[in-house]
Amino acid sequence: MQFKNPELLYALFLLLIPVLIHLFQLRKFQKESFTNVAFLKKVTLQTRKSSQIKKWLVLCLRMLLLAAIIFAFAQPYISKNKTFNAKTETVIYLDNSYSMQAKGDKGELLKRAVNDIIENVGETETLSIITNNDAFRNTTIKAITNDLLSLNYSSNQLSYDAALLKSKKYFTKNENTIKNLLFISDFQQKNQNLNLNDNLDINLNLVQLQPVNTTNVTVDSLYISKQNASNLELTAVIKNNGNTIENLPVSLFNNQNLLTKSAVTITDKATAVFTLPNNQIINGQVSIDDTNLQFDNTLYFNINRSTKLNVLTVNQTNDSFLKRIYTAPEFNYTSTTFNTLNYSDISKQNLIVLNELEQIPGALNTALKSFTNNGGIVIVIPPATTIDLASYNTILNNFGLSKISSNNITEKKLTTINYSHPIFNSVFEKKVSNFQYPKVNSFYAQNVTTSPLLQYEDGKPFLSENNGLYFFTAALNTKNSNFTNINLVVPTFYNISQQSLKRSNLYYTIGKENKFDVVTNLQQDAVLTLQKGEHKIIPQQQYFNNKVTITTNETPELAGIYTIKNKTEILENVSYNYSRDESVLNYQQFSNNDNVTVSNSVSQTFNNIKSDNNVNALWKWFVIFALLLLITEMLILKYFK
């Protein structure tokens, strides 16, 4: 029990006054002498006893009467909240991620939650509602009903802790208000679960909506498993979270036209393989039929026209091994000598190889630095004999690499491969212990300042990289090294060339940082756009001499195939898909504790909040009690003899 005016309770000290008066009465009995002493003595004793009982009863009744009046004026009440008639603030976090597409006992979880909110909140009641991609602050249900009914699913889901922190910011800083936060979600199991340890300043109500069926089948991923001159083989990975399914249809479309259909039997995971003609533009999608979650039933992908890489080699030695690697139709290979180099050709290239030049003049050094700043890649191979160390150390210093010393005529083996480097991370399935490592007969010693790609047996670098410059510390001609004769040379030079132009992948995942290059020449102030039907997006982009690097993260928000346009010119297509992280329907488990209330019903949670905020005033009961005491006192005074 709490009091609206607790300071009036100090008046209870007034109850001491009648007690003191009763204990220290000034009136005393006066003795009188009578003849029949024995009879009068008996009457006196009986009168004194009845008088004392009556006085004590009257005293108690009057004290209780006074106390009841004091309590009535103090206005006692009963409420689960500590503040009398305090203002209430309500904030609702409504999870509209794709896992809320699952079916509950009354339909899709998100749609059911929206209906419950509209039905249980008064039309004029002020509240704030937050979703993963939108917010309605200090508004009313009447004002946002249409927005809630048209609420779409979002691929950009906030983490639970981020959603909780964002929701708390929508409360005022007034400490005398009752702050109620409704956190409505299915609470799918994620890498980081909801932290419930620091919510003492609000009334946190978790509403965990649960589907009736946690079975789900998804098109998880797609990759090119084989490729030759005429065909390529696409492998689609299908995952199942439920019972075994027999003969699940898997369809492959190109521009909405069905190309082929397959069927798989799936327990946990299965693959569907499709064969397509090579060098064909495909705007494809792989689809299945699943009645639970819909967002992961289709995976979009693109196979675009192959873009040729421009490779320029500047030679003072034989470049036959480079010609065997950089072949048509994937590469436009140009070979020139140092004396016939046209500097104007540098900006048109994607990769430049300096093949055992005796000297790198300052003008070429400056041109190469500008070339790498525009996204190009440079490979430098020093000669084994005559070399201008000063010019080589100048270019190494400009790119942040350690200087080299004079040539060491000592045989060394290459024994260490940096498997985690982007050049090699997709070359080997596992670390190789019995690999035929190459050797060199002479090399230039260099300190390790960056993470080297290849190292000698003593830990010194054979191939290092920084800021777009790849540097070999030994000549690669057949007299000095057998590196060009082993199978490591092809993935090394080929993958280095791929760093100069990041072609678009088969597809990208929305919500992750995706970066790719588009070969085009933009006019001043022109930008590339991503377009899908009526949806048009201007992504983050950076223009270089002959390409544009596009970076996307939170956008686009809708999965599908987007056309990359330069004004009205169609350059190529790119596909985006929703993350499959929400496809597995596993959920967190909660229990009620002092800081949080857990429910599986939005309506029940609103009823609980309303019940907690109700105030039961008790002053009327104390007034009634005081009247009863007064009537009782009057009856005692009149009839108690």
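Just so it is clear, the structure is predicted and the values come from calculations on it, not from any experiment.
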Query raised in the report: How many angstroms lie between atom OG1 of Thr478 and atom CG of Asn482, to the nearest 0.5 angstrom?
Result: 10.0 Å
Query - Under 3.5 Å donor-acceptor, Asn332 side chain and Asn310 backbone - result: no
Query raised in the report: If we ignore angles and hydrogens, is there a donor and acceptor under 3.5 Å between the side chains of Asn216 and Asn240?
Result: no
Report task. Please check if any side-chain donor atom of Asn553 sits under 3.5 Å from a side-chain acceptor atom of Thr551, or the reverse. Result -> no
Report task. Kindly indicate, with the supporting measurements, whether the criterion side chain to side chain contact (heavy atoms under 4.5 Å, CB included) is fulfilled by Asn297 and Thr218. Result -> CA-CA 5 Å; Asn297 288 354; Thr218 176; 6.0 Å; no
Query raised in the report: Can Gln455 and Thr416 be counted as having a side-chain donor-acceptor contact under 3.5 angstrom?
Result: no
Query raised in the report: Who are the side-chain contact (heavy atoms from CB on, under 4.5 Å) partners of Asp319, not counting sequence neighbours?
Result: Thr313, Asn315, Leu322, Lys323, Tyr333, Ser335, Asn355
Report summary line: When rounded to the nearest 0.5 Å, the distance separating CD1 of Ile303 from CD1 of Ile282 is 5.5 Å
**Report entry** Those residues that, when tested against Lys239, pass salt bridge (Lys or Arg N to Asp or Glu O under 4.0 Å) (two or more places apart)
**Finding:** Asp220
Query - Stepwise ring pair (Phe, Tyr, Trp, His ring centres under 6.0 Å) check, Tyr578 with Tyr153 - result: CA-CA 11 Å; Tyr578 301 122; Tyr153 295 96; 9.7 Å; no
Query raised in the report: Going by atom types alone, do Asn283 and Asn254 pair a side-chain donor with an acceptor below 3.5 Å?
Result: no
Query - Aromatic ring pairing Tyr576/Tyr562, orientation class (parallel under 30°, perpendicular over 60°, tilted between) - result: perpendicular
Report task. Can you sort out the partners of Ser320 under side-chain contact (heavy atoms from CB on, under 4.5 Å), two or more places apart, ordered by chain and number? Result -> Asn318, Arg324
Query raised in the report: Is there a donor-acceptor contact under 3.5 Å linking the side chains of Ser497 and Ser500?
Result: no
Query raised in the report: Could you give the distance from CG (Leu506) to CG (Leu234), rounded to the nearest 0.5 Å?
Result: 6.5 Å
**Report entry** side-chain hydrogen bond (donor to acceptor under 3.5 Å, both in side chains) between Asn132 and Tyr93, worked out
**Finding:** CA-CA 8 Å; Asn132 290 312; Tyr93 167 70; 2.7 Å; yes
Query raised in the report: What's the verdict on side chain to side chain contact (heavy atoms under 4.5 Å, CB included) for Ile377 and Leu469, showing C-alpha distance, side-chain angles and the deciding distance?
Result: CA-CA 6 Å; Ile377 298 294; Leu469 177 70; over 6 Å; no
Query raised in the report: When you check the side-chain N and O atoms of Asn156 and Ser154, is any donor under 3.5 Å from an acceptor?
Result: no
Report summary line: Closest non-hydrogen atoms of Ser405 and Leu389, given as atom of the first, atom of the second and distance, are O-CD2, 3.8 Å
Report task. Would you give the length of the straight line joining atom CG of Asn447 to atom NZ of Lys403, rounded to the nearest 0.5 angstrom? Result -> 11.5 Å
Query raised in the report: Do Phe301 and Tyr507 have ring centres separated by under 6.0 Å?
Result: no
Query raised in the report: Should we count CD of Glu569 as having more than 12 external heavy atoms under 6.0 Å?
Result: yes
Query raised in the report: What pairs with Thr271 under side-chain contact (heavy atoms from CB on, under 4.5 Å), at least two apart in sequence or on another chain?
Result: Thr235, Val237
Requested in this report: Verify the distance criterion only: is there a donor paired with an acceptor across the side chains of Thr275 and Asn231 at less than 3.5 Å?
Outcome: no
**Report entry** Lys439 atom NZ, over 12 foreign heavy atoms within 6.0 Å
**Finding:** no
Query raised in the report: Say you draw a straight line from CG of Asp388 to CG of Asn393; how long is it, rounded to the nearest 0.5 Å?
Result: 9.0 Å
Report task. For the residue pair Ser344 and Asn342, confirm or rule out a side-chain donor-acceptor distance under 3.5 Å. Result -> yes
Report task. To the nearest 0.5 angstrom, please state how far the OG1 atom of Thr563 sits from the CG atom of Asn573. Result -> 4.0 Å
**Report entry** Tyr494: ring-ring contact (aromatic ring centres under 6.0 Å, His included) partners, not counting sequence neighbours
**Finding:** Phe331
Query raised in the report: What heavy-atom pair brings Leu232 and Ile224 nearest, and what distance separates the two atoms?
Result: CB-CG2, 4.4 Å
Query raised in the report: Do Thr317 and Asn477 have side-chain atoms, one donor and one acceptor, less than 3.5 Å apart?
Result: no
Report task. List for me each residue that meets ring-ring contact (aromatic ring centres under 6.0 Å, His included) alongside Tyr300, sequence neighbours excluded, and say none if there are none. Result -> none
Query - For Tyr456, all residues meeting ring-ring contact (aromatic ring centres under 6.0 Å, His included), sequence neighbours excluded - result: Phe443, Phe462
Requested in this report: Evaluate the side chain to side chain contact (heavy atoms under 4.5 Å, CB included) criterion for residues Leu454 and Asn418: first the C-alpha distance (whole Å), next the side-chain angles of each, then the deciding distance (0.1 Å), finally the verdict.
Outcome: CA-CA 6 Å; Leu454 299 170; Asn418 187 351; over 6 Å; no
**Report entry** Distance-minimising heavy-atom pair for Leu158 and Thr131
**Finding:** CD1-O, 4.3 Å
Requested in this report: Check salt bridge (Lys or Arg N to Asp or Glu O under 4.0 Å) between Asp268 and all other residues, then give those that pass, not counting sequence neighbours.
Outcome: none
Query raised in the report: Do Asp581 and Ser579 get their side chains close enough for a donor-acceptor pair, meaning under 3.5 Å?
Result: yes
Query raised in the report: So, for Tyr419 and Phe424, is the gap between ring centers shorter than 6.0 Å?
Result: no
Query raised in the report: Does the side chain of Ser391 pick up a donor-acceptor pair with the side chain of Gln359 at under 3.5 Å?
Result: no
Query - Counterpart residues, salt bridge (Lys or Arg N to Asp or Glu O under 4.0 Å), relative to Lys460 (two or more places apart) - result: none
Requested in this report: Classify the angle between the aromatic ring planes of Tyr470 and His421 as parallel (below 30°), tilted (30 to 60°) or perpendicular (above 60°).
Outcome: perpendicular
**Report entry** For the student: nearest non-hydrogen atoms of Pro539 and Leu530, plus distance
**Finding:** CG-CG, 4.0 Å
Report task. With sequence neighbours excluded, tell me which residues meet side-chain contact (heavy atoms from CB on, under 4.5 Å) with Ser287. Result -> Phe253, Gln285, Thr298
Query - Ser442 to Ala474 - nearest heavy-atom pair and separation - result: O-CB, 3.4 Å
Report summary line: In short, Arg503 meets Tyr508 closest at the heavy-atom pair O-OH, 3.9 Å
Anything under 3.5 Å between a donor and an acceptor, one on a side chain of residues 510-518, the other on a protein residue two or more places apart or in another chain? List them.
residue	atom	partner	partner atom	Å
Asn514	ND2	Thr509	O	3.1
Asn514	ND2	Lys512	O	3.0
Asp517	OD1	Thr549	OG1	2.7
Asp517	OD2	Lys502	N	2.8
Asp517	OD2	Lys547	NZ	3.4

Query raised in the report: When you look at Leu299 and Arg580, which way does the side chain to side chain contact (heavy atoms under 4.5 Å, CB included) test go after all the steps?
Result: CA-CA 10 Å; Leu299 190 142; Arg580 270 35 182 181; 3.9 Å; yes
Requested in this report: Sort and list the pairs that fulfil side-chain hydrogen bond (donor to acceptor under 3.5 Å, both in side chains) and have at least one residue in residues 528-538, not counting sequence neighbours.
Outcome: none
Query raised in the report: Does Phe471 have its ring centroid less than 6.0 Å away from the ring centroid of Phe399?
Result: no
